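Okay, structure first, notes after.
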Protein chains: 2
Amino acid sequence: MATRAKPTRDLMLAAAKKHVMSKGFAGTSIDDILKDTGLTKGAFFHHFKGKADLARQLVVDYATKDLAMFVAWDRQSREESDDPLEQVILFLKYFEAYISNSNDPAPGCMYAVYTYESSQFDAEVLTFVSDSLARWTSLNVRKFQEVLDRYKPVKPVTARQLAEMVISIVEGGLVLQRAHGDTDTTKRQSEQFRNYLSLLFPKG
Amino acid sequence: MATRAKPTRDLMLAAAKKHVMSKGFAGTSIDDILKDTGLTKGAFFHHFKGKADLARQLVVDYATKDLAMFVAWDRQSREESDDPLEQVILFLKYFEAYISNSNDPAPGCMYAVYTYESSQFDAEVLTFVSDSLARWTSLNVRKFQEVLDRYKPVKPVTARQLAEMVISIVEGGLVLQRAHGDTDTTKRQSEQFRNYLSLLFPKG
DNA sequence: GTATGCATACCGACCAGTTGGTATGAAAAG
DNA sequence: CTTTTCATACCAACTGGTCGGTATGCATAC
């Protein structure tokens, strides 16, 4: 059976993600993943150099899929409107729909898991997490800069401030949502942020 | 040595907190705590029924100290101003100063740690975390209700929405701050929220 | 002299990681 | 077209070490 290489790796990554997002990385054993997939140690160590390598591949995979989702939402929002402010609103609404309708009972951010378990990971992984969040921020900065180029805010504000605030609200919303086990806290937070935007830019 | 009961327990709780806030709960072994304190298994299992009991006592202790801090800031803000909106602003400023001047190199919220490792804990502990966050929210709701009783917001908003937003922003700020290893991200988020308040309640 | 506050010594379970090996398929040699 | 060669993909069994937890003993305080 030298054919099922990629599916096997993805199968293990999926199982790993499931466990890590509910028990943390240290709380997830390799055996947990193997029991879930029906595979064995040999398969695991064939695809991963070790648990640290799993941590790396897992978060890289997460970042890739996450970014792809954001890019898709961004493109769709640009197709539906020419106004950057409206595009931001649309983007947020796509996100709200995604979080609320997720079949994941307790959605969360893997970056948050890693940062709250930071001592478990090597510098390379932690840098990747930091960089990924920074890249996400940069995307938002560019977006809000487009808004600021067209509309003058009621109160002086930088694109970076707004960009960071979006991420902060999302991350915080996810923490609360998980803690209370509900499905709409993050969505409500995003709505509040849109409220803030409508006050900052009354034109839109 | 039958005299140092309370100090010993607190010593272990302090060491546990230190490790849990940097490696997570599952990533923290009892031996880690014992090595830090110079104590032994006998001491640990004398004060804690097991690791699950440590989780319970640790978060209860955290909640107690956290609440005391909030109450103190609330009292001080009431002493310095009669205006509820100004009191909120003051409260946030105390918080910002606390986070920025903390000697903790990577401050964080223990509730967030527990939430992102939820499968590690029993229902009692998880309920306590949820309730603690709810209590924190309630305090904020009361506060913002006082504000809303005096000032009419430019856009319709409930006290609960604002209360949740504060916590969300703080939690999210802490995630970002830890991820990037800086000291002022949370503070900046709090400042942005104050900006939002000043737009909502232009009178203040 | 009895309860408290610890230390010592130990246990079974589980941990990440290793070993030796097998089945498979694709490419190269005949 | 067949046979050899060899890398890939995986498995079963095992290892040393660490985990949470227990049993016991012994000072000290009351």
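These numbers come from a predicted model, not from an experiment. Letters A, B, ... mirror the listed sequences (proteins, then strands); counts begin at 1.
Residue A:His46 contributes atom NE2, which lies 12 Å from atom C1' of C:dT24 at whole-angstrom precision. Put simply, CG on B:Leu34 is 15 Å from C1' on C:dA9, counting in whole angstrom units. Distance NE2 (A:His47) to P (C:dG17): 17 Å, rounded to an integer number of Å. Rounded to whole Å, the distance from CG on A:Asp53 to P on C:dT18 is 12 Å. Put simply, CD on A:Gln120 is 13 Å from C1' on C:dA16, counting in whole angstrom units.
Between B:Tyr98 and B:Phe95, the ring-plane angle classifies as tilted under the 30° and 60° cut-offs. Ring geometry for A:Phe121 versus A:Tyr114: interplanar angle under 30°, hence parallel rather than tilted (30 to 60°).
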Using a cut-off of 4.0 Å between protein heavy atoms and nucleotide atoms, how would you tag nucleotides 18-25 of chain D 5' to 3' with B, S and -? -SBBB---
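Under 4.0 Å is where a charged nitrogen must lie from a carboxylate oxygen, and between A:Asp61 and A:Lys65 at least one such pair does. For A:Arg178 and B:Glu171, the salt-bridge test fails: no basic side-chain N is under 4.0 Å from an acidic carboxylate O. Under 4.0 Å is where a charged nitrogen must lie from a carboxylate oxygen, and between B:Glu146 and B:Arg78 at least one such pair does.
Side-chain N or O atoms of B:Tyr116 include one that pairs as donor or acceptor with a backbone N or O of A:Cys109 at under 3.5 Å.
Applying the salt bridge (Lys or Arg N to Asp or Glu O under 4.0 Å) test to B:Asp66 and every residue at least two apart in sequence or in another chain returns nothing.
From one end of the helix from C:dG1-D:dC30 to C:dG30-D:dC1 to the other, with five pairs defining each end axis, the axis direction shifts by 0° (rounded to 10°).
A 4.5 Å side-chain heavy-atom check between B:Thr158 and B:Phe144 finds every atom pair outside the cut-off.
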